[in-house]
Visitor: 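Questions regarding the structure given below will be posed in turn.
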Amino acid sequence: MSSKPDCIFCQIVAGAIPCFKLYEDEATLAFMDINPVHPGHALAIVKPHYADLFATPADLLAATTATLQKVATAVQTTLKPPGMNLLQCNGPAAAQSVPHFHMHAIPRHADDGLAMNWDLVPGNHDDIAALAERIRANL
Ligand code: AMP
Ligand code: ZN
């Protein structure tokens with residue numbers, strides 16, 4: 001399994017650094033985030049070292065998503081927050097601080113001030129269609 005010695009999540013997978021473990025299977029690990037946005041903030045990570053969404057093989061992405069669903073469901077059952085966001089960051093501009101693929105389950109509360117919501121402002125359909133065509137060309 002690929003591992004990066006200076007990666008904090010690889011060290012957690014290896015057991016060299018402790019975590020508040022929630023769940024583990026062959027391909028994934030889930031644990032509590034130590035800087036929780038709200039109580040119950042949890043992470044699901046892929047065990048081998050892949051930096052981000054773009055580097056992670058699709059089967060491991062699916063496995064991480066399945067683990068996140070399990071854990072998010074347990075958080076929901078335990079804490080019953082009125083909302084929950086699933087979040088995944090790629091690159092410094094998207095606020096990715098640990099370059100080892102992971103997904104967040106973040107309980108949410110009304111007006112909690114978390115700056116992750118945006119107003120629904122309709123886009124220009126011609127612009128959207130043109131961009132969709134450019135993106136499809138890269139699929
Ligand atoms: P991101 O900004 O999407 O890369 O998220 C990385 C997350 O990992 C942050 O929310 C950190 O609080 C969390 N984190 C960093 N180190 C640890 C650790 N040792 N145990 C648990 N969570 C961690
Ligand atoms: Zn790693």
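Read the numbers this way: they start at 1 and go in the same order the structure lists the ligands and their atoms.
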Visitor: Considering only non-hydrogen protein atoms, determine which one is nearest to atom 8 (O) of ligand 1 and report residue, atom name and distance to 0.1 Å.
Guide: Phe9 CZ, 3.4 Å
Visitor: Out of the N/O/S atoms in His49, what is the name of the one closest to the Zn ion (ligand 2)?
Guide: ND1
Visitor: Which is it for Ala95 and ligand 1 at heavy atoms under 4.0 Å: side chain, backbone, both or neither?
Guide: backbone
Visitor: Is the CG atom of Asp111 crowded by more than 12 outside heavy atoms at less than 6.0 Å?
Guide: no
Visitor: Using a strict cut-off of less than 4.0 Å between a Lys/Arg side-chain nitrogen and an Asp/Glu carboxylate oxygen, indicate whether Lys47 and Glu24 qualify as a salt bridge.
Guide: yes
Visitor: Among protein heavy atoms, which sits nearest to atom 3 (O) of ligand 1, and what does the distance come to when rounded to 0.1 Å?
Guide: His104 NE2, 2.8 Å
Visitor: Calculate, to the nearest 0.5 Å, the distance between atoms OH and CD1 belonging to Tyr50 and Ile45 respectively.
Guide: 13.0 Å
Visitor: Please classify the Ile17 to ligand 1 contact at 4.0 Å (heavy-atom distances, strictly less than): side chain, backbone, both or neither.
Guide: neither
Visitor: When you measure from the Zn ion (ligand 2) to each N, O or S atom of His100, which atom gives the shortest distance?
Guide: ND1
Visitor: Counting non-hydrogen protein atoms only, what is the nearest one to atom 20 (N) of ligand 1? Give residue, atom name and distance.
Guide: Ile34 CG1, 3.4 Å
Visitor: Parallel, tilted or perpendicular, judged at 30° and 60°: which one describes the rings of Phe9 and His102?
Guide: perpendicular
Visitor: What is the nearest protein non-hydrogen atom to atom 19 (N) of ligand 1, stated with its residue, atom name and distance?
Guide: Ile12 CD1, 3.7 Å
Visitor: For His49 and His100, what are the C-alpha separation, side-chain angles and deciding distance, and is it a side-chain contact (heavy atoms from CB on, under 4.5 Å)?
Guide: CA-CA 6 Å; His49 183 87; His100 177 128; 3.3 Å; yes
Visitor: How far is atom 4 (O) of ligand 1 from its nearest protein heavy atom, and which residue and atom is that?
Guide: Ser97 N, 2.7 Å
Visitor: Heavy-atom contacts with Cys89 under 4.0 Å: which atoms of ligand 1 show up? List them by number with element.
Guide: 3 (O)
Visitor: Quick one: CE on Met84 to NE2 on His38, what's the gap to the nearest 0.5 Å?
Guide: 11.0 Å
Visitor: If you have a sec, work out which protein heavy atom is nearest atom 5 (O) of ligand 1 and how many Å separate them, to one decimal?
Guide: His102 NE2, 3.0 Å
Visitor: Please name the residue in the list Val71, Leu86, Thr65, Thr67 that meets the side chain to side chain contact (heavy atoms under 4.5 Å, CB included) test with Met103.
Guide: Thr65
Visitor: Which protein heavy atom lies closest to atom 11 (C) of ligand 1, and at what distance to 0.1 Å?
Guide: Asp33 OD1, 3.4 Å
Visitor: How long is the span from the CG atom in Leu114 to the CZ atom in Arg108, to the nearest 0.5 Å?
Guide: 4.0 Å
Visitor: Hey, does the side chain of Gln11 reach the backbone of Pro5 with a donor-acceptor pair shorter than 3.5 angstrom?
Guide: yes
Visitor: Check contact between Val98 and ligand 1, using heavy atoms of the residue and a distance below 4.0 angstrom.
Guide: yes
Visitor: Which is it for Phe31 and ligand 1 at heavy atoms under 4.0 Å: side chain, backbone, both or neither?
Guide: side chain
